[in-house]
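First the structure, in the form of structure tokens, and then the observations on it.
Atoms within each ligand, like the ligands themselves, are counted from 1 in listed order. It should be emphasised that the depicted structure is a prediction, and the values quoted were computed from it without experimental measurement. Only this structure's heavy atoms are used, side chains among them; waters, hydrogens and symmetry mates stay out.
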Amino acid sequence: MSQPITASLKALKLHLQQNPVDIRQKLSSETDRFDRFNLCLEDMLLDFSKCALDEKTVALLVELATAANVEEKREAMFAGERINTTEDRPVLHVALRAPRDANFTADARNVMADVHRVLDSMRVFADGIRQGEIKGKTGKAFTDVVNIGIGGSDLGPAMATLALAPYHDGPRLHYVSNVDGAHIADTIKALEPETTLFIIASKTFTTIETMTNARTAQRWIVEKLGQDAVRDHFCAVSTALDKVSAFGIDPSRVFGFWDWVGGRYSLWSAIGLPIMIAIGPRNFEAFLAGGHAMDEHFRKAPLEKNLPVMFALLGIWHRLICGYSARAVIPYDQRLSRLPAYLQQLDMESNGKSVTLDGKDVACVSGPLVWGEPGTNGQHAFFQLLHQGTDIIPVEFILAAKGHEPELDEHHNLLVANCLAQSQALARGRTREEAEAQLLAKGVKKDQAKALAPHRVFAGNRPSMTLLYRQLDPYTLGRLIALYEHRVFVEAQIFGINAFDQWGVELGKELATDLLPIVQGRDEGSALDTSTKGLVQKIRDLAQ
Ligand SMILES: O=P(O)(O)OC[C@H]1O[C@](O)(CO)[C@@H](O)[C@@H]1O
């Protein structure tokens, strides 16, 4: 870790020690606190007034970003430098959502013509499917589209398709990812082969889950409609065009993308084809425009007014200075129910590392545990721990001011009231005196109230942020996703790690390949460790 970063972190820790902030007390004494601790971009607002910090904290955090050369690193990414050093690749997912006349270069070549050539071909294909001009082998329009992919070839499209349900006006979308046969079996059971199109989405076109599911889908179509139906009922999204061709997919139905697009950053590329089929090209373009708007803001806004930078610095404050090991993402929006899962890959596959860019052990902890579920459901599941548990877990609430069902406004009012109440309860808590007084006011006897009070105390002083916007439309979803992408990038610069490789997924894959013949009974596996050997034997016994 560089000396400036070390010094900056030290100053932040000292500031925390010397100036501990009591959120509860600040919220009641500082009536202008909301105005002082929020950031806006258009209708999007990040309220961080319920975090335990003051203006000096913010100033020191901005100094940390400067010490970490965040602006220079950001420019290197946008300039197409090979910042993914272990794979020797540029990182240019920002180009995927840029306008046709933009200039992003990879290997000294402007990539925008390629990007928009693919986008144009996606648009023609999606319109053909949506308007019933592109049909199945028996001449029927497609009513169902099944995306087969995993990780970044699934989580992003699946999350965005659900998030933008109010904008669906095309075929029904289904997502199959797990190699567990249940996933594809339960999906195709409800479908008609004649009206089903499969998208095989895989950057590498080698991922065992995706290829296994793809072959099963292919068998299903061939059995029902004949070998020559594959051409009509399959298309592919990949960078590995040779492997796609070997699988038997017609080249005219292959949508490519490039090595400078990381899997978990790829939903803006042809990996987003299922989203475009579901919501139409115009809405998909609005989604891209939202991402681009956030890119422009990230690129131009001064650090202290920069939403992704400040969002990252607050994450660093909680992770490196306050010492919180996890963060909870709680969208108060049922249609964002897959957002936490998507962010788990985006954040934890990017920053879950312990080696720095120059190959040394990290000098600090790195990416936090990211988890979450939508509110209000979380309140009936794990909020107990958030309020009264022994661990403090910063919460990121995500909330739209407007829902999509005006006739159900009362529902939305309840959603909003609960979201605000939870962040208020986390901050304010309830003292023992308040707990006892409340019990007495309910007629509980004094000695019983004294005995019960400790159980009803809320420590409070638990930090949360609230990300607010007008309504979850394609443009806003684009801004939201790009905001989180850039937040991960900025945190990585401070951790000093490469956010864009994922070597940690390799060992499990290698061991699974070695174990497969043993599980299949083709190899005794004499060299297995005692645990795996015992489990393999028990599985054989139970499966008899
Ligand atoms: O799109 P592919 O190449 O099938 O990879 C799927 C996923 O597997 C990983 O390589 C490892 O989880 C992810 O980074 C990627 O999104």
Exercise. Are any non-hydrogen side-chain atoms of Asn351 and Ile497 less than 4.5 angstrom apart?
Worked result: yes
Exercise. Tyr175 and His183: aromatic ring centres closer than 6.0 Å?
Worked result: no
Exercise. Thr210 to ligand 1: N or O pair under 3.5 Å?
Worked result: no
Exercise. Is ligand 1 less than 4.0 angstrom away from at least one heavy atom of Glu209?
Worked result: no
For this session: Report, in ascending order of atom number, the atoms of ligand 1 lying under 4.0 Å from any heavy atom of Gln345.
Result: 13 (C), 14 (O), 15 (C), 16 (O)
Seminar exercise, completed: min-distance protein heavy atom vs atom 1 (O) of ligand 1 -> Ser153 OG, 2.6 Å
For this session: Could you tell me if the ring centre of Phe255 sits under 6.0 Å from that of Phe125?
Result: yes
For this session: Write out the residue and atom name of the closest protein heavy atom to atom 5 (O) of ligand 1, then the distance separating them to 0.1 Å.
Result: Thr207 OG1, 3.5 Å
Problem set entry | Protein contact of atom 8 (O) of ligand 1 - nearest heavy atom, named by residue and atom, plus distance | Lys509 NZ, 4.5 Å
For this session: Answer yes or no: is there an ion pair linking Glu396 with Arg487, defined by an N-O contact shorter than 4.0 Å?
Result: yes
For this session: Identify, for atom 14 (O) of ligand 1, the protein heavy atom at the shortest distance, and state residue, atom and that distance.
Result: Glu349 OE1, 2.7 Å
For this session: Of the side chain and backbone of Val505, name the one, both, or neither that has a heavy atom under 4.0 Å from an atom of ligand 1.
Result: side chain
Exercise. Which of parallel (below 30°), tilted (30 to 60°) and perpendicular (above 60°) describes Phe247 and Phe205?
Worked result: perpendicular
For this session: Specify the protein heavy atom at minimum distance from atom 6 (C) of ligand 1: its residue, its atom name, and the distance to 0.1 Å.
Result: Ile150 O, 3.3 Å
Exercise. Quick one: are the ring centres of Tyr342 and Tyr484 less than 6.0 Å apart?
Worked result: no
Exercise. Is any NZ, NE, NH1 or NH2 atom of the basic residue among Arg89 and Asp501 found under 4.0 Å from an Asp or Glu carboxylate oxygen of the other?
Worked result: no
Exercise. Who's closest to atom 15 (C) of ligand 1 heavy-atom-wise, of Ala201, Ser202, Ala240, Gly152?
Worked result: Gly152
